[in-house]
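Structure record follows, encoded as C-alpha cells.
In each ligand, atom 1 is the first atom listed, and ligand 1 is the first ligand listed.
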Amino acid sequence: MDLATYLNVMRDPSGLPFYPIVFQFLLVLTFTLHIIMVNLVVGSTFLAIWELWKKNEYGLRLAKALGRVLTVGMSIAIVLGVAPLLFVQVIYDPFWYTATTLSAFWALLFLVVITLAFYAGYGFYLGNRNADVNSAKTGWALVAAGLLLCTALFIHMLSMEQLMPQHWKEWIVAANGTVSYSGGEFHGLELGRLLHILIPSFAVTGVFLMLYAAYFDKREDYDPKYLEYVGHKGAWMAFWASAIAIGAGFWWLGLIPKEFHFARNPLFLVGAALGVVTTAYIGASLYKPKEKAINCALFMFLTIFVMSCAREALRMKHMSQAGYSIYNYPVNADWPSTILFFATFVMGLFVLYFPAVAAFQAGKVKAGEVATLDPSLGKKAVGAMIGWFVIVAGLGIIVSLKNGVLF
Ligand code: HEM
C-alpha cells in the first residue's frame with residue numbers, strides 16, 4: 001500500500017461533521033491562544049527565577065506576582081491546549097494517532113510531566129508568598145522551568161513526527177524486519193523551530209509586564225517607581241526577545257526542505273514582515289511602556305496569529321507531499337451538532353465575560369475596597385448557563401428516547 005492510500009484510508013470513515021476549512025481556522029486560532037499562554041508561562045517562570053536571584057525588593061515583588069501568573073497561566077495554557085488538540089484529531093487524525101502510537105511512551109509522559117510542572121509552579125507560588133528578600137527560594141521555579149521545557153520538547157516532537165509520514169515505516173521496522181511495538185520512538189527534533197516558538201516567551205512576558213505597569217498605574221498602593229521598573233524591564237525584554245526570535249525564525253526557515261520554496265510563501269512573508277514591524281514598534285516604545293502597552297500587545301497578537309497561519313501552511317506543504325489534503329476529506333454535514341457546538345462556544349464567551357470583567361474591576365481597587373460592577377451581568381451569565389444545561393440535557397434526553405436507549 002502506498003503512503004497516500006494508507007493516510008486516506010486511516011481517515012474517520014464517517015467523514016467530517018462540518019467543512020474542514022472551519023476546523024482549520026479554529027485550529028490555528030486556538031493554537032495561537034494556546035501558544036501565547038505557553039509563552040507567558042515559560043517567560044514568567046524564567047523571569048521569576050532571575051528576579052529572585054537579584055535579591056532586591058522590586059525583584060522580589062515582581063517574582064511573587066509572576067508566581068501567580070505562572071500558576072493561573074498554566075491552567076489556562078492547558079485548557080487552551082485541548083482546543084487545538086481536538087481540531088488536529090478531527091482533520092489530521094491519521095497523523096496525530098500514528099505519531100502518538102509511535103511515541104506512546106512520550107505522549108503519556110507528557111501528561112505526567114505537565115502535572116508535575118503544575119505542582120512545582122504551586123510550590124514556588126505558595127512557598128514564597130510570605131518570603132522576604134533573604135528567605136525567598138527559586139527551587140520549585142527551577143523544577144517547573146525544567147519540566148515546562150520537557151513538555152514543550154515532547155509536544156514539539158509529536159508535532160514534527162506528524163510531518164514526516166515518509167519515515168514512519170523505517171522508524172518501527174528494523175532492517176532485519178523486526179517491528180518495534182515499544183511506543184518509544186522519538187524523532188524529528190528541529191531546534192530552530194522549537195526555539196523560534198519558545199524565544200517569544202520573553203517577548204510575550206515583556207509585553208505582559210508593560211500591560212501590568214499600565215493596569216496598576218492608577219492604584220495608589222503601587223509604588224510608581226516599582227511600576228516604572230516593571231514597565232521598562234518589560235519593554236526591553238520584549239524588544240530583545242523579538243529581535244532574537246527573528247534570528248531563530250531564519251534558522252528554522254533554513255531547516256525547511258528547499259523544494260517547498262517556503263521563503264516565498266505569502267503567509268510566511270506577511271508573518272516575517274509583521275515580526276519586524278512589531279520589534280521596531282516595541283523599540284520605539286522603550287521609554288513609554290505604559291502608554292504603548294496595548295498597541296504592543298495588539299501587534300504581538302497579530303504577529304503570532306499570522307505566524308501560526310504560516311506554521312499551518314507549512315504543515316499543508318508537508319502533507320501534500322504525502323498525498324494528503326484536508327480539503328478532500330469527505331464531509332457529512334451534521335447541522336444540529338454544529339449549531340450546538342457554535343451556540344456553546346458563543347454562550348461560553350458570554351459566561352466567561354462576567355468573571356473576566358469582575359476580575360478586571362477587582363484589580364483596579366485596593367484589597368478590602370469594593371469594586372463597581374453591574375450586578376445584572378452576573379445574573380445574565382448564570383441564566384445563560386442554566387439555559388444551556390436545559391437545552392443540552394433536554395436534547396440528550398429527546399435523542400436518547402428517540403433511539404430507545406433510555407427505556
Ligand atoms: C503548559 C505546558 C505546555 C507547553 C510548554 C506546550 C508547548 C507547546 C509548543 C512549544 C507547541 C508547538 C510545537 C511545534 O509546533 O513544534 C505546542 C503545540 C501544541 N500543544 Fe502545547 N504545550 C503545553 C501544554 C499543552 C497541553 C496540556 C495540550 C493538550 C491538552 C497541548 C496541546 C498542543 C497542541 C494540540 C499543539 C499543536 C500540535 C500540532 O499542531 O500538531 N499543549 N505546545
Report yes or no: does Glu312 have a heavy atom closer than 4.0 Å to ligand 1? no

Is the ring pair Tyr226/Tyr212 parallel, tilted or perpendicular, if the boundaries are 30 and 60 degrees? perpendicular

Atoms of ligand 1 under 4.0 Å from any heavy atom of Gln162, numbered from 1 in the order shown, are 41 (O)

What protein heavy atom sits nearest atom 26 (C) of ligand 1, and how far away is it? Phe110 CZ, 3.6 Å

Tell me if a side-chain donor or acceptor on Trp236 pairs with a main-chain N or O of Leu286 at a distance below 3.5 Å. no

Quick one: does Phe87 get within less than 4.0 Å of ligand 1, heavy atoms only? no

Show the atoms of ligand 1 that are less than 4.0 angstrom away from any heavy atom in Val82. 29 (C), 30 (C)

Take the angle between the ring planes of Tyr324 and Tyr92 and call it parallel below 30°, perpendicular above 60°, tilted in between. tilted

Check whether Asp93 reaches the backbone of Asp12 with its side chain - one donor and one acceptor, N or O, closer than 3.5 Å. yes

Nearest neighbour of atom 2 (C) of ligand 1 from the list Asn39, Ile114, Leu111, on a heavy-atom basis: Ile114

Lys290 and Asp217 ion-paired at < 4.0 Å: yes

Protein heavy-atom partner closest to atom 19 (C) of ligand 1 - residue, atom, separation in Å: Ile155 CG1, 3.6 Å

Side chain, backbone, both or neither: which part of His34 comes within less than 4.0 Å of ligand 1 when only heavy atoms are counted? side chain

Report yes or no: is the cationic atom of Arg61 (NZ for Lys, CZ for Arg) under 6.0 Å from the centre of the six-membered ring of Tyr222, at an angle within 45° of the ring normal? yes

Is the closest N or O pair between Trp96 and ligand 1 shorter than 3.5 Å? no

Report the part of Arg311 (side chain from C-beta onward, or backbone N, CA, C, O) that has a heavy atom under 4.0 Å from ligand 1; answer both or neither where that applies. side chain

State plainly whether the residues Lys225 and Glu228 are in salt-bridge range, i.e. N to O under 4.0 Å. no

Give the residue and atom name of whichever protein heavy atom lies nearest to atom 6 (C) of ligand 1, and the separation in Å to one decimal. Val38 CG2, 3.6 Å

Closest by any non-hydrogen atom to atom 9 (C) of ligand 1: pick that one out of Val79, Ile35, Leu189. Ile35

Heavy atom of the protein closest to atom 16 (O) of ligand 1 (residue, atom name, distance): His156 ND1, 2.7 Å

Do side-chain atoms of Glu161 reach the backbone of His187 as a donor and acceptor pair under 3.5 angstrom? yes

Side-chain (His318) to main-chain (Met164) donor-acceptor, under 3.5 angstrom: no

Among protein heavy atoms, which sits nearest to atom 38 (C) of ligand 1, and what does the distance come to when rounded to 0.1 Å? Ser159 OG, 3.5 Å

Taking the inter-plane angle between the rings of Phe25 and Phe305 on a 0 to 90° scale, is it parallel (under 30°), tilted (30 to 60°) or perpendicular (over 60°)? perpendicular

Note the single closest protein heavy atom to atom 10 (C) of ligand 1, along with its residue, its atom name and the distance in Å. Ile197 CG2, 3.7 Å

Less than 3.5 Å between some nitrogen or oxygen of Thr151 and one of ligand 1, yes or no? no

Report the nearest protein non-hydrogen atom to atom 18 (C) of ligand 1: residue, atom name, distance rounded to 0.1 Å. Phe31 CE1, 3.4 Å

Minimum-distance protein heavy atom relative to atom 28 (C) of ligand 1: Gly81 CA, 3.7 Å

Test of understanding: with ring pair (Phe, Tyr, Trp, His ring centres under 6.0 Å), list the residues that count as partners of Tyr125, not counting sequence neighbours. none

